[in-house]
Amino acid sequence: MTAPTRIDKRFAALKQEGRSGFVAYVSAGDPDHDTSLEIIRGLPKAGADVIELGMPFTDPMADGPAIQASGLRALRAGANMNKTLDLVRGFRSGDDDTPIVLMGYYNPIYVYGVDRFLADAKQAGVDGLIIVDLPPEEDSELCLPALEAGLNFIRLATPTTDDKRLPAVLKNTSGFVYYVSMTGVTGTKDVNTDHVTGAVARLRSHSDLPVAVGFGIKTPDQVRAVGAAANAAVVGSALVSKIAETLTEDGRPTPKTVPESLAFAAELAAGVRT
Amino acid sequence: MVQSDLQNSLRVGPDEEGHFGIYGGRYVAETLMPLILDLEKAYADAKEDPAFKAEMDSFLTHYVGRPSPLYFAERLTEHLGGAKIYFKRDELNHTGAHKINNCLGQILLARAMGKKRIIAETGAGQHGVATATVAARFGFPCVIFMGETDIERQKPNVFRMRLLGAEVRSVTSGSRTLKDAMNEALRDWVTNVEDTFYIIGTVAGPHPYPMLVRDFQSVIGEEVRKQMQAAEGRLPDTLVACIGGGSNAMGLFHPFLDDDSVQIHGVEAAGLGIDTGKHAASLTGGTPGVLHGNRTYLLHDDDGQITEAHSISAGLDYPGIGPEHAWLKDNGRVSYYAATDDEALEAFQMSCRLEGIIPALEPSHALAHVIKIAPDLPKDHIICMNMCGRGDKDIFTVAEALGVSL
């Protein structure tokens with residue numbers, strides 16, 4: 001095995017603290033590069049234990065309207081893979097502890113070139129990858145090379161992943177397991193915490209990895225409830241919707257964008273601290 | 001077939017993981033993966049089940065109207081003065097295109113799998129109409145996803161779908177055309193995965209779709225083999241079909257892939273011209289990438305962002321193509337060409353005036369290619385072109401392009 005990543009260290013530290021983690025998702029470059037960097041830099045202080053940075057893609061098949069819109073805002077403002085990695089570098093220059101997970105779809109990585117991407121991501125300070133459209137059946141594409149390169153490959157487990165399939169899903173997963181709390185796209189329905197409690201117990205019977213839960217978590221109370229059941233709660237759509245609320249009509253940032261987004265992140269983060 | 005022949009055959013793909021060479025595969029969200037594996041199993045079972053085949057054949061005969069005729073286009077042949085041109089008349093099928101062949105197969109699978117609800121994406125609306133048709137016939141509620149732009153330019157088909165009881169959902173994300181309709185259908189599927197069957201309309205998407213759609217469409221080429229034997233006592237020399245996702249083409253081509261004497265030409269939509277960037281020719285003007293569950297040739301930029309396709313024909317307006325076509329391009333078995341909007345419009349009018357057949361704008365692209373190659377070929381050279389759809393739905397688009405107000 002390779003050396004522990006920032007993700008491994010962060011979940012070990014959370015265990016020591018005796019609390020669950022808060023994972024904050026934003027799209028890289030939303031609403032523009034500089035504002036995005038300011039938001040990301042402010043997230044740890046606001047209480048994000050892990051940052052999930054979306055790699056914008058024109059055709060995000062598993063995302064609902066909020067994250068679709070956020071990715072398109074970023075693309076319109078000139079986001080691309082090089083700039084996403086620049087954001088990570090910019091963040092790392094001031095924070096060497098908070099884990100960064102890149103989340104997105106495979107095509108931009110495939111076009112960038114898998115080997116080049118893994119080398120550049122590792123060098124920039126990325127710790128893990130969540131690639132929605134790479135199930136275990138396609139592990140040789142990116143998962144195995146990523147593990148080889150010392151990055152965590154975080155797999156999504158879903159309500160349709162039954163006990164027979166779960167071992168295959170968990171096999172090459174590292175860092176943590178991301179449980180998708182519902183069948184659906186991001187940011188639509190509300191999380192059902194009873195279902196989550198049962199699902200997390202099922203995952204833990206198959207794996208020692210920490211379990212983060214996402215999809216449908218929008219409020220501090222939901223963060224608290226999911227945090228009580230799992231090792232971390234992920235909020236994405238609600239956070240990028242908050243960013244959207246602060247923008248001008250044509251999608252440009254205002255003086256409210258950074259402080260209000262971070263204030264909302266802090267409210268959510270309080271859910272795992274009280 | 002002896003073992004060495006089998007290894008040399010181009011007709012045995014995909015492999016167990018759904019790959020045609022490096023293309024194909026199963027690039028989908030985990031939520032869908034168990035369902036895709038179920039579908040693969042259901043299809044394998046259906047292929048072994050004589051009752052499935054018997055029911056399929058019965059519906060193809062009595063409901064779709066197969067076999068579709070193989071027609072000698074005599075006046076077009078005389079006009080072009082070269083090769084002898086045949087049309088495979090799949091535009092005469094019930095619902096007016098080849099799409100119904102596949103929809104019938106998939107709805108029988110949906111029923112066998114105990115699904116309760118049907119969804120589909122559509123571009124020109126032909127696949128949507130065919131899906132709404134079989135959903136009505138088999139008693140399934142049905143939702144069709146269609147880009148807002150396509151709804152505007154294909155109004156007659158939208159109304160047809162509604163008459164057939166389907167809900168047509170307007171897709172306003174992205175470029176508001178076929179690829180976005182497919183994204184939205186995938187989002188619906190992920191949300192309603194337990195009870196919903198997604199009838200994909202072309203030879204694309206995650207394995208096993210490219211394989212099963214091809215198999216259901218192969219009835220086209222199988223009929224042509226028999227009909228050409230009856231008409232000419234031999235196989236055709238050249239096959240021509242238009243390609244958006246590539247299902248009518250794959251249906252015509254696949255039964256002939258191992259016949260070395262048969263040249264095979266696929267024709268993509270060159271839109272305003274390949275060099276303008278406003279086209280839908282993924283093979284001619286694209287590079288390999290991963291979208292909608294499979295690796296294939298795509299129109300995308302150097303950051304892997306999908307670019308918008310353009311074609312006068314909504315049914316060809318897709319930035320990808322079936323993975324088996326990608327493989328057949330790379331190994332050289334099929335030659336791929338492109339025809340522009342203007343060339344398709346000219347071919348459309350030529351077919352109307354010389355043959356009394358109003359073709360859809362999709363096969364008008366195939367015809368445009370035939371018009372280019374036929375004059376230089378000898379008179380005993382036989383071309384078979386798939387007339388895969390009829391043009392009633394396109395008359396408004398054509399009127400606008402010709403500057404006629406209706």
Side-chain angles (χ1 to χ4, degrees), chain A residues 55-65 68-69 71-72 75 78-84 104-113 117 130-138 140-142 155-162 164-166 168-169 178-180 182-186 188-189 215, chain B residues 16-19 22 24-38 40 172-175 179-196 205-207 286-296 298-308 319-320:
Chain A
M55 296 175 281
F57 182 48
T58 40
D59 293 75
M61 281 93 70
D63 285 302
Q68 288 175 42
L72 290 179
L75 288 172
N80 59 34
M81 189 64 85
N82 282 318
K83 288 189 176 161
T84 296
Y105 298 81
Y106 183 42
N107 198 52
I109 295 172
Y110 179 70
V111 170
Y112 192 93
F117 170 77
I130 302 177
I131 309 301
V132 178
D133 52 356
L134 285 177
E137 280 73 6
E138 305 292 350
S140 58
E141 289 282 343
L142 182 66
R155 192 96 65 194
L156 304 171
T158 73
T160 60
T161 314
D162 60 19
K164 199 167 123 238
R165 183 169 167 79
L166 201 46
V169 169
Y178 187 129
Y179 183 69
V180 175
M182 63 182 70
T183 58
V185 294
T186 51
T188 46
K189 297 181 266 187
F215 283 45
Chain B
E16 280 187 14
E17 269 74 48
H19 294 111
I22 66 162
R26 290 176 287 208
Y27 300 86
V28 294
E30 172 60 25
T31 311
L32 294 177
M33 205 50 226
L35 194 80
I36 287 192
L37 296 172
D38 284 353
E40 192 181 338
T172 56
S173 56
S175 59
K179 85 173 168 77
D180 310 287
M182 197 152 179
N183 289 335
E184 217 48 48
L186 284 164
R187 289 179 187 122
D188 181 292
W189 199 23
V190 138
T191 308
N192 301 294
V193 64
E194 295 295 340
D195 71 341
T196 296
H207 177 66
T287 56
V290 174
L291 179 71
H292 293 155
N294 60 152
R295 186 191 341 257
T296 188
L298 296 177
L299 301 178
H300 50 177
D301 66 17
D302 58 9
D303 191 47
Q305 307 298 335
I306 308 304
T307 51
E308 292 181 18

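Each chain gets a letter, A, B and so on, in the order the sequences are listed, and its residues count up from 1.
The part of A:L75 that comes within reach of chain B is its side chain, from C-beta onward, which places non-hydrogen atoms under 4.5 angstrom from that chain. Heavy atoms closer than 4.5 Å to chain B are found in the backbone of A:A79, but not in its side chain. In this structure, chain B has no heavy atom under 4.5 Å from any part of A:D162. The contact between A:P60 and chain B is made by backbone and side chain atoms together, counting heavy-atom distances below 4.5 Å. Only the side chain of A:K189 comes within contact range of chain B, with at least one heavy atom under 4.5 Å from a heavy atom of that chain. At a 4.5 Å heavy-atom cutoff, the contact between A:F57 and chain B is made by backbone and side-chain atoms alike.
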- [ ] Just do the side-chain contact (heavy atoms from CB on, under 4.5 Å) check on B:L291 and B:H300 with the steps written out, would you?
- [x] CA-CA 10 Å; B:L291 179 71; B:H300 50 177; over 6 Å; no
TODO: In sequence, state the C-alpha distance, the side-chain angles, and the governing distance for B:L37 and B:R26, and then conclude on side-chain contact (heavy atoms from CB on, under 4.5 Å).
DONE: CA-CA 10 Å; B:L37 296 172; B:R26 290 176 287 208; 3.6 Å; yes
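Interface check for chain A: of the options B:S173, B:P206, B:G293, B:P288, the most heavy-atom pairs under 4.5 Å are formed by B:P288. Put simply, of A:N107, A:T158, A:I131, the one with the most heavy-atom pairs under 4.5 Å next to chain B is A:N107. Options A:L156, A:V111, A:T161 differ in how many heavy-atom pairs under 4.5 Å they form with chain B, and the most are formed by A:V111. Options A:D59, A:V132, A:T188 differ in how many heavy-atom pairs under 4.5 Å they form with chain B, and the most are formed by A:D59. In terms of heavy-atom pairs under 4.5 Å with chain A, the best-connected choice from B:D301, B:I306, B:L186 is B:I306. When each of A:Q68, A:M81, A:K164 is scored by its heavy-atom pairs under 4.5 Å with chain B, the top score falls to A:Q68.
Inter-residue side-chain proximity for B:I36 and B:H207 is flagged as unmet; no heavy-atom pair is nearer than 4.5 Å. Put simply, the side chain of B:R295 does not reach to within 4.5 Å of the side chain of A:E138, judged on heavy atoms. Side chains of B:N183 and B:H292 form a contact here, defined as non-hydrogen atoms less than 4.5 Å apart. Using a 4.5 Å heavy-atom cutoff, the side chains of A:T160 and B:L35 are not in contact.
A donor-acceptor pair shorter than 3.5 Å can be found between the side chains of A:D63 and A:T186. Side-chain N/O atoms of A:E141 and B:Y27 include a donor and acceptor closer than 3.5 Å.
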